[in-house]
Protein chains: 2
Amino acid sequence: MARNAAAAVTSADVARLAGVSRATVSFVLNDTQTHRVSEATRARVLAAADTLGYVPHAGARALRAGRNNLVLIPAAVSAVGRLVSGWIDDLHTELERYGYTAVLHAGRYTDPAAAARAWAELRPGAVLALDGTSLGAAGAQVLRRAGVRALMALAPQPVEGVHTVLFDDRRVGVCAAEHLVARGRRRLGVVMPGERGLSAFAEPRLAGARSVAARTTATVTPLEMEYTHASAARLASGWAQRGLDGVFAYNDEYASLLLCVFRDAGVDVPGEVAVVGCDDLVTAALQRPALTTVRLAVPSAAQVAAALHDLIETGTAAPLPAVEPVLVRRASA
Amino acid sequence: MARNAAAAVTSADVARLAGVSRATVSFVLNDTQTHRVSEATRARVLAAADTLGYVPHAGARALRAGRNNLVLIPAAVSAVGRLVSGWIDDLHTELERYGYTAVLHAGRYTDPAAAARAWAELRPGAVLALDGTSLGAAGAQVLRRAGVRALMALAPQPVEGVHTVLFDDRRVGVCAAEHLVARGRRRLGVVMPGERGLSAFAEPRLAGARSVAARTTATVTPLEMEYTHASAARLASGWAQRGLDGVFAYNDEYASLLLCVFRDAGVDVPGEVAVVGCDDLVTAALQRPALTTVRLAVPSAAQVAAALHDLIETGTAAPLPAVEPVLVRRASA
DNA sequence: CGCCTTCGGTTACTCGTGTAAGTAACTCGT
DNA sequence: ACGAGTTACTTACACGAGTAACCGAAGGCG
C-alpha cells in the first residue's frame, strides 16, 4: 500500500490530466456562471476529476473564501438526550439543504474562553450552543474576531453579539417545583446528575426550584446521583430518613430510574413521594405510575437552520420564539 | 457592531503589533525548538496575541502541514445509543490528550462514495466509522487519496485499507435468536427500527436471526416499528393473530417500549412472548420483568485513541480485540 | 586583525483554491 | 478589410500559516 507515495490529488492533477489550466477546472467544478466553458472540455474535466477521485480541500477553500460551510454544535453526546438527538439529526438535514456541514464537538475545556478559541480555530460559518453557559459574551467576541459570522445560543437572557433563543432552565425548575407545591408537597428533592456536561442545565433548574421554595414554605434538597443502578438504589435505600415528599428528577431518564428503584425499595409513588421528570420522552407516559413531566417546546430544526443561514448571509435574522416549559400532568405527581 | 469591518485577526496583525516579523510570531506561538527567540520579544509576541485575541486558522495550518488534527466520527446522534454515547465522550477526552479534535457528523448521503467524499473534504487526520457499512473499500480509497492517514472501522470482516475492529452485527442476531430457541421459542419476531441510521445495524441482526432459523425449525418475522408509543401500541394490539412467541427487540430501548405496551395490552412476558434486548443499558435490569439482553464488549476509548494515534503517526497499529456479543440472562426470556 | 560561532531575527517560498484581469482566435456588420 | 464583440481559455495573485535558508551583529579565540 503506497501510502506516502500517493500524495493527495489536487485540482492541478485534474487540470494536467484534462489538458487544461487549473482555473478551468475550478470553473467547471464550481459551475461558475460568469465564465463559459465548452461542453467538450467540461466533460473532459469532469471525467478527469472522476478517474482521479478528486476531492476539494475544505481548508484551502476556506482560506481563499474567508469562511467555510461548517456549522459547529458544541455539545457532549451524552448530554444530548433522546429529546434533542432527533432534532439535531433533522438540523443536520436542514443545514445540508443550504450547503452547510453540521458538526458536533464535545471538548473538555477548562474555561469558556479556551473552548471558544478551540472552536474558532475551525473558522466555522456558525456556532450553535445548546446550553446557556458555554457561549458567553467573552467567547462570542473571540469567535467574532476569528471571523465567525453566525452565533446562536439557547440562553436565559440575551447575550451581547449572540442571536439568543431565550430558554431559562430555571423556569423548568420553577415549573416542576410549583407543580409539586401545588400538589401539597413541601420537602422537595432535586436530582443533580453526575454525567458530563449536564451541570450547565442542572444548576439553573435547581436554582429555579429554590426560588419557588423561597416564596413558599417548601424546602429544597439537592440529590447527587449518577445514572447507574447502584447510585439510584443508594438514594432509594436511605429514602425514609431524608423525609422528602417530592422529587424533580432532572429529566425523564433519571425519573424512570428513580421510579424503578422506588418500586424495588417499596417507596410508594405518588403516595410517599411525588416524582416529576422533564422532556416528555416516549417512555414517560408508559411508566407505572405514568410520569408527570415538563415538556419543552423547541423551535423546529427548519426554523433554526433558516435563521442560521440568514445570520451567515446577512448578519441578522428574525428572532426565534422562546422555549417554554409546559407541565404535562400524569399519575406520578 | 462592526461585523464586516472587523476582519479576522491573523498572525500578521500580531507581528505588526509586536513589532516583529510574522516568522517570529510563528516560532513563538508554536514554541519551535530549532529557533531561538529572546525572552523579551517572546513576551511581546504573547502579549500582542493575547490583546488581539488571535486564534490560528486551522484551515491554513492544515493546508501548509498537509494534514490537520481532526478525527471524524461519522454517526447520526440518534443512532448513538446510551451505550456508546459515554464511550464517545471518553474518546473525545482521550484524543484531546494527543492533541486531536474529535468531531461527530451525520450527513444523509445517497451512497457511501458521496459520504466518503464529503468527509474527505475536511482532510481529517483520521476517520472512525462505528457502523459496518458506511466505510467500504471504495470509500477508503477516496479518503486515502485525499490524504487521510488513519482509517478505522467496526466491521464484520477486514476491509481493504482500513484498520478493522471485528464486529459482526449478525452475531448479535445469532446470540439473541439462539437463546430464544434454546428457551423453546420457535416463531420469532425481530424488531426493525425506523430511526435514521439504524438499518445498518438492524439488517445484519435480522440476517443473523434468520441464519439461526435456517438451521432449526424456527421462523423469523421482521417487525417494522418506530420509536413511538403509537407504533409500539399498534404492534401490541394485533399481537394475538401474529402468533409469535419470541422477540428480539433490536435494543434495550425498543425492548423497554415493547414491555410497556405488552403490559398495557395484557400480553404476558415471558409467558406468551419472550423478549430479548441489546446493549445491557442501566434500565434493562430494572424493567419488570427484568430484561434479558445482549451485552457488547467494546474496546476502551483509551485503546482506540492510542490506535488512532499510531495509525496517524506511523501508518500501522496493533490490532484491537474483536467485539463479542454476550447474552445476559434475566427474566424476560 | 581575521575567522568562526552563536544569537536573534527576517526574507522568501510553499500548501490548494477561487477569481479578476488578460489574451488569442474567431465571427460579424458595414 | 477592419474595429467591435463574443467565445474559450490562461495567467497571476491572494488567502494564513509554517519553515528552510539567509543575514547582520556580537562574542570568542588564536
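For clarity, every value in this text was computed on a predicted model and none was experimentally measured. Atoms considered below: every heavy atom in the structure, side chains included; atoms not considered: hydrogens, waters and symmetry mates. Here is how names work: the chains are called A, B, and so on, in the same order as the sequence lines, proteins then strands, and each is numbered from 1.
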Which is it for A:L70 and A:R123 under the side-chain contact (heavy atoms from CB on, under 4.5 Å) test, yes or no, and what are the steps along the way? CA-CA 8 Å; A:L70 278 184; A:R123 296 293 193 278; over 6 Å; no
All side-chain contact (heavy atoms from CB on, under 4.5 Å) counterparts of B:T24, not counting sequence neighbours: B:V20, B:S21, B:V28, B:V37
Nearest heavy-atom neighbours spanning A:A120 and A:V142: CB-CG1, 4.4 Å
Return the minimal non-hydrogen interatomic distance between B:A49 and B:V14, and the atom names on each side. N-CG1, 3.8 Å
Is the shortest distance from a Lys or Arg side-chain nitrogen in B:R42 or B:D31 to a carboxylate oxygen in the other one below 4.0 Å? yes
For DNA chain D, which nucleotides open and close the run of contacts to chain A, 5' to 3', at under 4.0 angstrom from a non-hydrogen atom? D:dT7 to D:dG16
Indicate yes or no: at least one non-hydrogen side-chain atom of [X] is less than 4.5 angstrom from one of [Y].
| X | Y | value |
| --- | --- | --- |
| B:H92 | A:H105 | yes |
| A:P124 | A:V71 | no |
| B:R117 | B:Y109 | no |

Taking only heavy atoms on the protein side, list every residue of residues 53-67 of chain A lying under 4.0 Å from any atom of DNA chain D, sorted numerically. A:L63, A:R64
Mind running a 4.0 Å heavy-atom check of residues 15-39 of chain A against DNA chain D and sending the residues that fall below it, in number order? A:V20, A:S21, A:A23, A:T24, A:F27, A:H35, A:R36, A:V37, A:S38
Before you tell me yes or no, could you show the steps for B:L29 and B:L46 under side-chain contact (heavy atoms from CB on, under 4.5 Å), namely the whole-Å CA-CA distance, both residues' side-chain angles and the distance that decides it to 0.1 Å? CA-CA 7 Å; B:L29 295 183; B:L46 289 174; 3.9 Å; yes
Considering only heavy atoms, which members of residues 117-126 of chain A lie under 4.0 Å from some atom of DNA chain C? none
Side chain to side chain contact (heavy atoms under 4.5 Å, CB included), paired with B:I88, selected from B:L128, B:V77, B:L104: B:L104
Euclidean distance, atom CG of residue A:D13 to atom P of C:dC15 [Å, nearest integer]: 11 Å
Would you say A:D310 and A:T314 are linked by a side-chain donor-acceptor pair, where the criterion is simply a distance under 3.5 Å? no
Partners of B:F27 by ring-ring contact (aromatic ring centres under 6.0 Å, His included), sequence neighbours excluded? B:H35
